[in-house]
2 protein chains.
Amino acid sequence: MYPLLKKYLSGDISITDEQFNAACNVFHLKTTKRNEVLVESGDISRYMYFVNKGCLRIFLLNTDGKESTRFLVPEGRFGTSFPSFILQEPSLAYVQSVGPSELLMINYDDFRRLTDFLPGWEKAYRNNLEQDYIDSIKRIESLITTSATERYALLMKDNSDLIKMLPTKIIADYLGISRETLSRLKKRV
Amino acid sequence: MYPLLKKYLSGDISITDEQFNAACNVFHLKTTKRNEVLVESGDISRYMYFVNKGCLRIFLLNTDGKESTRFLVPEGRFGTSFPSFILQEPSLAYVQSVGPSELLMINYDDFRRLTDFLPGWEKAYRNNLEQDYIDSIKRIESLITTSATERYALLMKDNSDLIKMLPTKIIADYLGISRETLSRLKKRV
DNA sequence: TTAATTTGGTGACAAATGTCACTTATGGCT
DNA sequence: AGCCATAAGTGACATTTGTCACCAAATTAA
């Protein structure tokens, strides 16, 4: 069961089925519908979600009703409103499944205790954090150094699968531009 | 010596002078001049720098010669070209000290081994990573959700000390806008 | 299947920001 | 102290992007 999760939790070293099963006890399966909201803005994000199938979206809603996508979490990765989950304080962002999804959720205390079951987790978690941080640095760089056109071209090159499966409006607010602007970029590029 | 570093390395638990001294052996003091470049784009960033005095700046240089500041590292924090250091691959960014600074540098292998000397480091490092990641998420949010005017107002509120000590052009490319635009914002806000 | 809703595209115009050229002010260095 | 290089400010104009209104296409839900 859940080979993606097992791979993710193992890190460098392989873990036994017993160890993995013990860890699995603290994960709960949640099946979501399209556009289902898992965390509302203002809630404390109590769970970390592993995307076994589907895709999560973390987004902000400003006072004018405009949405901005902070992150997209593809299959095989953990995601949640990270600042809220880690600090256990109210979330600015919403967490939503963009399509019908299969999530494995784990609460804060269990997440912090994962290391008790899983010998490789301490290091694997640190590596994942480092990689997520690096990804976010690259996102910052693209936002401060490139125009919308370049950002779209880059996303198309690196994440063409995301572009294919997600509606334009989500891609647009992930890039930090309006739907209309993206619509026009598509013609030019 | 170096109370700021000791505090940072300790994390939650206090460490003894002996433990700290052992750790100190792998740090080397470097005194830099204003605008001194520590890592060139294309180099592998071999050191993590602890800012004991002064301020570091991590910036990108595009083909037109325009600079963009990815991060500013204040006193009492670690900084380097993080993706390059962690992955030990060539850096896109430059690392520079904005004023005369006092840095404590540690090479990659020693950094990875810090945990051998310091009982609290594993956890402290993870906490710092989480916090740095959260900070970068907030930066992404401000870049995708707010206008230049709002970003400047927010920076002035949260980091007025940085604004005071750094030249306008650095603040401008940290915000991802041109010097001229920032100049005009200052009058309006 | 159909009706309703959502999404995507486009024109016209507005607003924000960038670019260039130039002047003034500042601050580092000898 | 004084010179020089760098930084900051500003006007005019170009470019990019956003906003609004509207229609077409696609997708969802009944």
Separation of C:dG18 P from B:N62 CG (nearest whole Å) = 13 Å
ask   = Within the structure shown, what part of the strands sits under 4.0 Å from A:G176 by heavy-atom distance: base, sugar-phosphate, or nothing?
value = sugar-phosphate
ask   = Of all the nucleotides listed (C:dT7, D:dC20, C:dG28), which has the minimum atom distance to the side chain of A:E180?
value = D:dC20
key: Rounded distance (Å) that lies between atom C1' of D:dT27 and atom NZ of A:K169   = 13 Å
ask   = Out of D:dT10, D:dG18, C:dT17, which nucleotide sits closest to the side chain of A:I177?
value = D:dG18
Short side-chain N/O contact from A:T168 to OP1 or OP2 of C:dG8, under 4.0 Å = yes
Rounded interatomic separation in angstrom, taking CZ from B:R179 and P from C:dG18 = 12 Å
query = Roughly how many Å is it from CD in A:E150 to C1' in D:dT17, rounded to a whole number?
reply = 14 Å
message = Distance check needed: D:dA7 P versus B:I170 CD1, whole Å only.
response = 8 Å
task = Please state how far atom CZ in B:R184 lies from atom C1' in D:dG11, giving the value in whole angstrom units.
result = 7 Å
query = Once you round it to whole Å, what is the distance between C1' of D:dA8 and CD1 of B:I163?
reply = 15 Å
inquiry  = If you compare every side-chain N and O of B:K33 against the phosphate oxygens of C:dG28 (OP1, OP2), does one of them come in below 4.0 Å?
reply    = no
message = I want to verify a distance call: between C:dT10, D:dG9, C:dG9, whose nearest atom is closest to the B:K186 side chain?
response = D:dG9
ask   = OP1 or OP2 of D:dG18 sitting under 4.0 Å from any side-chain N/O of A:K66?
value = no
key: Along DNA chain C (nearest heavy atom to each residue), the more 5'-positioned of B:S147 and B:R34   = B:S147
key: Phosphate OP1/OP2 of D:dT17 contacted by A:T181 side-chain N/O (<4.0 Å)   = no
Of the listed nucleotides D:dT17, D:dA8, D:dA12, the one nearest the side chain of B:S183 = D:dA8
